[in-house]
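To start, the structure under review is shown below, and the notes come after it.
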Amino acid sequence: VNKNAIPFDTLGPAVTSGVRVGTPALTSRGMKTAEMAVVAGMIGEVLKNVGEAAVITRVRGAVRELCEAFPIYV
């Protein structure tokens, strides 16, 4: 994950308002398009509920389950 400028952002290129999530960390685990959508949904859910401990805990568990379903190749 890294910060990026957003096209047409009124704040200008010196202020990085966007976040880019690189897919290699996910594809190297065997995740495909469906899992990318799930990950994006989890990120969105946490961002919509900043500071909500119950949401963060629930999403953390979902992340753990997803990672267990797609273990790191060694």
Side-chain angles (χ1 to χ4, degrees):
V1 174
N2 62 352
K3 298 184 288 184
N4 273 298
I6 297 174
F8 311 110
D9 190 349
T10 58
L11 296 177
V15 178
T16 52
S17 303
V19 175
R20 184 187 71 82
V21 179
T23 58
L26 302 178
T27 58
S28 65
R29 297 178 86 122
M31 294 185 194
K32 305 262 188 232
T33 305
E35 290 79 29
M36 303 299 171
V38 169
V39 170
M42 288 188 232
I43 292 169
E45 190 169 354
V46 170
L47 291 175
K48 289 177 186 173
N49 297 284
V50 172
E52 294 290 329
V55 172
I56 294 168
T57 299
R58 184 173 43 76
V59 172
R60 182 178 289 133
V63 168
R64 183 168 283 118
E65 288 177 15
L66 184 62
C67 290
E68 288 172 356
F70 293 89
I72 297 173
Y73 176 77
V74 287

Here the pair of heavy atoms bringing G22 nearest to P24 is C-CD, 3.3 Å
Per-pair distances, 0.1 Å, donor-acceptor, side chain in residues 32-43, under 3.5 Å, sequence neighbours excluded:
unit_1 : atom_1 : unit_2 : atom_2 : d
E35    : OE1    : K32    : N      : 2.6

For residues 57-74, pull every pair meeting salt bridge (Lys or Arg N to Asp or Glu O under 4.0 Å), keeping only residues two or more places apart or in separate chains. E45-R58
Distance-only criterion, 3.5 Å: show the donor-acceptor pairs between side-chain atoms of residues 3-13 and protein atoms not counting sequence neighbours.
unit_1 : atom_1 : unit_2 : atom_2 : d
N4     : ND2    : N2     : OD1    : 3.3
D9     : OD1    : L11    : N      : 3.1
D9     : OD2    : S17    : OG     : 2.6

Would a single hydrophobic cluster contain both V15 and V19, if residues Ile, Leu, Val, Met, Phe, Trp and Tyr are joined by side-chain heavy-atom contacts under 4.5 Å? no
What heavy-atom pair brings R29 and F70 nearest, and what distance separates the two atoms? NE-O, 2.5 Å
Quick one: do V55 and L47 end up in the same hydrophobic cluster if we chain Ile, Leu, Val, Met, Phe, Trp and Tyr together by side-chain heavy atoms under 4.5 Å apart? yes
